[in-house]
Peer 1: 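What follows is a structure written as structure tokens; I'll ask about it next.
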Amino acid sequence: MSAVDLVRMVNQIAVNQTHLPDDEAAAMVAQHLTMFWAPAMQRDLLAAVDAGDADLNEVALRAVRQLEPA
Amino acid sequence: MTLLHEPTGRRTVSSSDMGTPRVPGEPTVDVEIDGVAVSVPAGTSIMRAAAEAGIDVPKLCATDSLKSFGSCRVCLVEIEGRPGAPASCTTPVMPGMKVATTSPKVDKLRQGVVELYLSDHPVGSCPEGACELHDMAETVGLTDVRYGQEGHNHLNIEVDASNPYFSFDPKACIVCSRCVRACDEIQGTFALTVEGRGFESLISASGTSFMESECVSCGACVQACPTTALQEKSVIELGLPTRTVKTTCAYCGVGCAFDAEMRGDELVRMTPSKEGGANEGHSCVKGRFAWGYATHRERVTAPMVREKITDEWRVVSWDEAIAFTARRFSELQQQYGPDSIGGITSSRCTNEEVFVVQKMVRAAFGNNNVDTCARVCHSPTGYGLKQTFGTSAGTQDFKSVEDADVILLIGANPTDAHPVFASRMKQRLREGAQLVVVDPRRIDLVRTPHIEAAHHLPLLPGTNVAMVNALAHVVVTEGLVDRDFVAARCDDESFAAWEAFIARPENSPEAMESATGVAASEIRAAARLYATAPNAAIYYGLGVTEHSQGSTMVMGMANLAMATGNIGRVGVGVNPLRGQNNVQGSCDMGSFPHEFSGYRHVSDDTVRVIFEDAWGCEMRAEPGLRIPNMFDAAVAGTFRGLFVQGEDVAQSDPNVTHVTAALKALDLLVVQDLFINETAKLAHVFLPGTSFLEKDGTFTNAERRTNRVRPVMEPKTGKDEWQVACDIATAMGYPMGYDEASQIMDEIARVTPTFAGVSFAHLDEAGSLQGPCNDAAPEGTPIMHVDEFVRGKGNFVPTPYVPTDEKANRKFPLLLTTGRILSQYNVGAQTRRTANIEWHPEDLLEIHEADAAERGISDGDWVAVNSRVGETHLRARITDRVPQGVVYTTFHYPESGANVVTTENSDWATNCPEYKVTAVQIRPANAVDPHRVGAGA
Ligand code: SF4
Ligand code: SF4
Ligand code: FES
């Protein structure tokens with residue numbers, strides 16, 4: 001899937017966790033992705049991050065780093 | 001004058017009519033009627049007590065759905081020890097009362113009254129059994145009328161046939177006012193009046209024709225009319241029905257129960273059922289009248305296939321269509337992998353049909369790529385209520401609103417979208433309950449006859465969370481928290497975190513004023529009203545969910561209800577008004593890519609085992625694709641085949657340019673529907689579906705009530721819809737089959753704890769069952785979370801307000817929001833194929849006078865609506881219903897293309913599209929441009 005869409009979505013999840021400290025927010029985002037995103041979406045997002053194509057906010061980036069490569 | 005016909009039996013409708021409404025309470029008053037002893041609650045009328053004792057007192061102006069009125073004097077009785085002959089419908093029982101319902105005196109009086117009525121009643125106009133006046137003539141023993149019709153009479157007055165579904169013949173009217181009272185008491189529209197006095201009295205639709213009046217064509221007047229004065233045109237045309245089949249409306253989430261009244265195999269009329277738990281005898285124009293689409297000439301009843309979407313359709317046999325579909329799906333999986341295909345279930349279909357489609361995807365396709373159209377409406381309800389209360393379900397039954405003292409209505413327009421529930425709500429509001437409306441638009445309930453909202457908070461689209469936070473801030477900082485409830489029922493830690501968050505100054509009404517556009521003083525007053533009411537209830541609709549923070553808003557409302565102790569009893573709660581008839585059911589049935597039926601996550605090993613054992617195949621532990629993800633993946637080329645059950649995603653989903661590109665990119669699009677809709681135009685296989693009149697199954701409404709849907713005719717396609725999914729699965733190598741729909745429900749009950757007690761037999765016996773229905777609640781659950789929340793302790797979740805990215809700016813300075821209208825339904829596939837188009841022949845763009853003037857737009861002008869993704873053309877309606885800066889339209893016609901302009905923005909948690917906020921610019925357009933443009937201007 002397009003990196004632009006995935007990045008937009010994960011950034012949006014992250015900005016909705018501003019009530020939490022960053023580490024908790026990142027864990028929350030990672031958990032959300034695991035619970036609700038198809039493995040292919042997680043994979044494509046990781047690939048975009050690895051390729052340097054992902055303009056992620058701080059919390060989203062920390063969350064993505066916690067994802068297990070699917 | 002001899003009577004029209006030899007009187008025969010009464011109509012079935014009146015024979016079960018108890019005359020006056022049931023009075024709640026214990027039967028403490030003992031009376032004797034015609035020598036029969038009976039006990040009834042205090043306040044019961046003599047007429048009703050007699051009916052309870054099995055004695056029908058003759059009546060004309062009384063009916064048990066309306067308060068007694070006492071105008072016809074046909075129901076006179078004698079009471080021992082009292083002079084005269086009082087009307088039994090208006091006289092309450094007293095302890096020890098002895099009543100005679102017949103005597104020479106009352107019989108004579110009654111005969112005289114009925115004779116007078118008949119002297120002004122047209123001879124030969126009433127088919128046998130259609131007129132209670134004629135029935136009464138028989139009952140009171142009148143066979144001849146002494147007076148001719150030469151005198152002053154009403155026999156030359158014209159029939160009003162303006163309404164497409166019923167006509168009003170004043171000649172047959174006896175001015176009993178049942179229609180007027182039904183309009184007032186049941187529907188709450190107050191469209192009818194009695195004009196003139198005495199003999200000159202006439203029923204009037206407020207001085208105009210029915211069609212031009214305020215009448216909403218709910219049909220309550222027609223149902224209440226004891227004569228043929230108000231009558232369905234279908235009855236006039238086809239004759240009186242001879243048998244009935246009990247079933248359920250297939251339009252909105254109210255889920256009204258109906259008697260489908262048949263004459264042979266032909267449907268003559270739909271009469272709302274008094275026993276219906278959701279509607280108790282009422283209906284709206286859609287359910288009662290708009291069923292003609294089922295036999296519309298455009299309906300397709302044979303399967304069709306084509307290799308390419310540019311080819312002509314080829315009509316084929318079911319066997320060929322199934323084989324083609326199965327082969328192509330299998331080939332795609334071989335070529336592109338098991339996850340390259342998926343399915344979408346429909347909230348218009350039965351639980352059984354939905355269940356087999358998601359089973360086909362999980363078992364035969366072997367993945368979790370199944371989603372439902374609830375994705376684009378109430379998926380945030382699922383997420384938000386699960387996080388806070390532990391399950392995705394509205395907390396109350398509809399009846400609960402009768403005990404609400406304050407109603408907080410957010411982003412919902414029940415008089416148009418949930419009309420029968422709106423009538424209940426209006427009854428409670430007329431009794432004195434207070435209303436707070438949170439909506440950018442001035443919906444009818446803000447001010448309607450005998451109702452005025454205490455507060456209308458016309459917030460800017462996209463600022464719901466700012467609003468709910470401001471309301472909660474007032475509760476927390478003004479000492480309005482129900483500490484006892486919170487301590488006993490909620491999680492301490494989560495409450496403490498939420499309390500600290502919500503008390504922050506940035507959440508105050510004053511701080512939020514610039515976001516919401518609503519005066520802080522109004523928000524404070526509304527919050528106090530809600531928090532201090534004995535019972536306060538929240539009702540909400542898609543104006544809550546279809547936002548980038550839809551899920552946050554649902555959690556915000558749940559927080560507010562818990563903080564004020566408004567959960568777990570009658571009269572309170574958090575209540576989603578579901579759009580389609582079976583949104584609740586399709587979600588319950590495991591239509592989401594991350595959940596099995598009963599909202600259990602696919603990663604839960606113990607749950608997967610249940611399905612693996614039941615279905616004999618391995619279940620995947622990771623979530624599949626959601627609808628918007630499927631479209632994105634289709635454009636990216638990784639998703640190649642899609643089964644769409646009863647849904648028109650190419651019209652109903654946002655940014656249709658993108659959706660259309662996705663559908664065109666598919667190698668195989670299979671559509672199961674009644675009509676060639678916008679989606680089917682892009683399909684390779686069309687599998688004809690069945691209308692609700694042909695379905696055997698169940699729908700589950702917004703109050704978790706599972707109702708039976710019973711077929712009144714054989715499937716016009718020759719195949720039940722559930723059978724089609726079974727056949728595809730079987731042809732793909734996973735044998736799937738049932739002898740009848742009841743076996744599907746039995747399987748649902750076996751694998752779904754909240755449905756464990758549901759079966760067709762139980763439903764037939766109970767009428768309907770509200771979930772959860774299982775060993776813990778064998779007869780169902782009208783009110784949820786009574787002693788504890790489904791998750792144990794209620795969980796507060798902080799809800800930071802994050803403004804949407806979709807902001808008004810210089811290029812797109814107006815915010816477009818969308819909604820529905822009473823006579824039409826969603827994308828209009830059904831209602832546009834009925835006479836309902838007479839009320840709403842096109843979608844209009846509502847625009848404020850100042851915004852229109854600034855752009856040189858006059859009422860009725862064509863305008864171009866531009867967003868950053870597309871352009872569409874609509875006619876303008878200048879109105880003060882919308883505030884300056886906001887425009888509004890409905891989306892019932894494909895030509896109006898509301899979703900050409902809506903964007904890809906969606907709820908952060910569920911991807912529910914942000915339909916309710918689109919930044920647009922409007923300009924005059926000289927002519928209709930049928931070619932909508934799919935690029936931002
Ligand atoms: S139209 Fe029917 S219900 Fe209305 S007043 Fe006349 S007879 Fe009664
Ligand atoms: S309120 Fe809804 S369920 Fe009831 S008749 Fe109208 S459309 Fe059907
Ligand atoms: S039925 Fe009692 S007065 Fe009409």
Peer 1: I'd like to know which of B:Pro628, B:Ala636, B:Gly624 tops the heavy-atom pair count under 4.5 Å against chain A.
Peer 2: B:Gly624

Peer 1: B:Asp805 versus chain A, heavy atoms under 4.5 Å apart: side chain, backbone, both or neither?
Peer 2: neither

Peer 1: Angle class for the A:His32/B:Trp908 ring planes (parallel below 30°, perpendicular above 60°, tilted otherwise)?
Peer 2: tilted

Peer 1: Give, for atom CZ of B:Arg626 and atom CH2 of A:Trp37, the distance between the pair rounded to the nearest 0.5 Å.
Peer 2: 8.5 Å

Peer 1: Below 4.5 Å from any heavy atom of chain A, which atoms of B:Arg620 appear? Answer side chain, backbone, both or neither.
Peer 2: neither

Peer 1: Is it the case that atom CG in A:Asp50 sees more than 12 heavy atoms from other parts of the structure closer than 6.0 Å?
Peer 2: yes

Peer 1: Under 4.5 Å heavy-atom distance to chain A, tell me which part of B:Tyr383 shows up: side chain, backbone, both or neither.
Peer 2: side chain

Peer 1: So for B:Pro593, is it side chain, backbone, both, or neither that comes closer than 4.5 Å to the heavy atoms of chain A?
Peer 2: neither

Peer 1: For B:Leu625 and A:Ala38, which heavy atoms make the closest approach, and how far apart are they?
Peer 2: CD2-CB, 3.7 Å

Peer 1: Using a 4.5 angstrom heavy-atom cutoff, name the option from B:Ala634, B:Pro623, B:Pro798, B:Ala633 with the most pairs to chain A.
Peer 2: B:Pro623

Peer 1: Please answer whether the main-chain N or O of B:Ser906 pairs with a side-chain N or O of A:Gln12 as donor and acceptor at a distance below 3.5 Å.
Peer 2: yes

Peer 1: What closest approach, in Å, do B:Asp632 and A:Met1 show between heavy atoms, and which atom pair accounts for it?
Peer 2: CB-CE, 3.5 Å

Peer 1: Looking at every heavy atom in both A:Asn16 and B:Gln549, which two are closest together, and how far apart are they?
Peer 2: OD1-NE2, 2.7 Å

Peer 1: Are any non-hydrogen side-chain atoms of A:Met35 and B:His601 less than 4.5 angstrom apart?
Peer 2: yes

Peer 1: Any idea which of A:Ile13, A:Leu6, A:Thr34 has the most non-hydrogen atom pairs under 4.5 angstrom with chain B?
Peer 2: A:Ile13

Peer 1: CD of A:Glu24: more than 12 outside heavy atoms within 6.0 angstrom?
Peer 2: yes

Peer 1: Under a 4.5 Å heavy-atom cut-off, does chain A meet the side chain of B:Glu904, its backbone, both or neither?
Peer 2: both

Peer 1: Which distance, rounded to the nearest 0.5 Å, do you find between the CG of B:Asn629 and the CE of A:Met9?
Peer 2: 5.0 Å

Peer 1: Measure across A:Thr18 and B:Pro800 and return the closest heavy-atom pair with its distance rounded to 0.1 Å.
Peer 2: OG1-CB, 3.4 Å

Peer 1: Please indicate whether B:Glu506 has more than 12 foreign heavy atoms, meaning atoms of other residues, nucleotides or ligands, lying under 6.0 Å from its CD.
Peer 2: yes

Peer 1: For B:Lys807, I'd like to know if atom NZ has over 12 heavy atoms of other residues, nucleotides or ligands within 6.0 Å.
Peer 2: yes

Peer 1: Using non-hydrogen atoms and a 4.5 Å limit, figure out which bit of B:Ser548 sits close to chain A: side chain, backbone, both or neither.
Peer 2: both

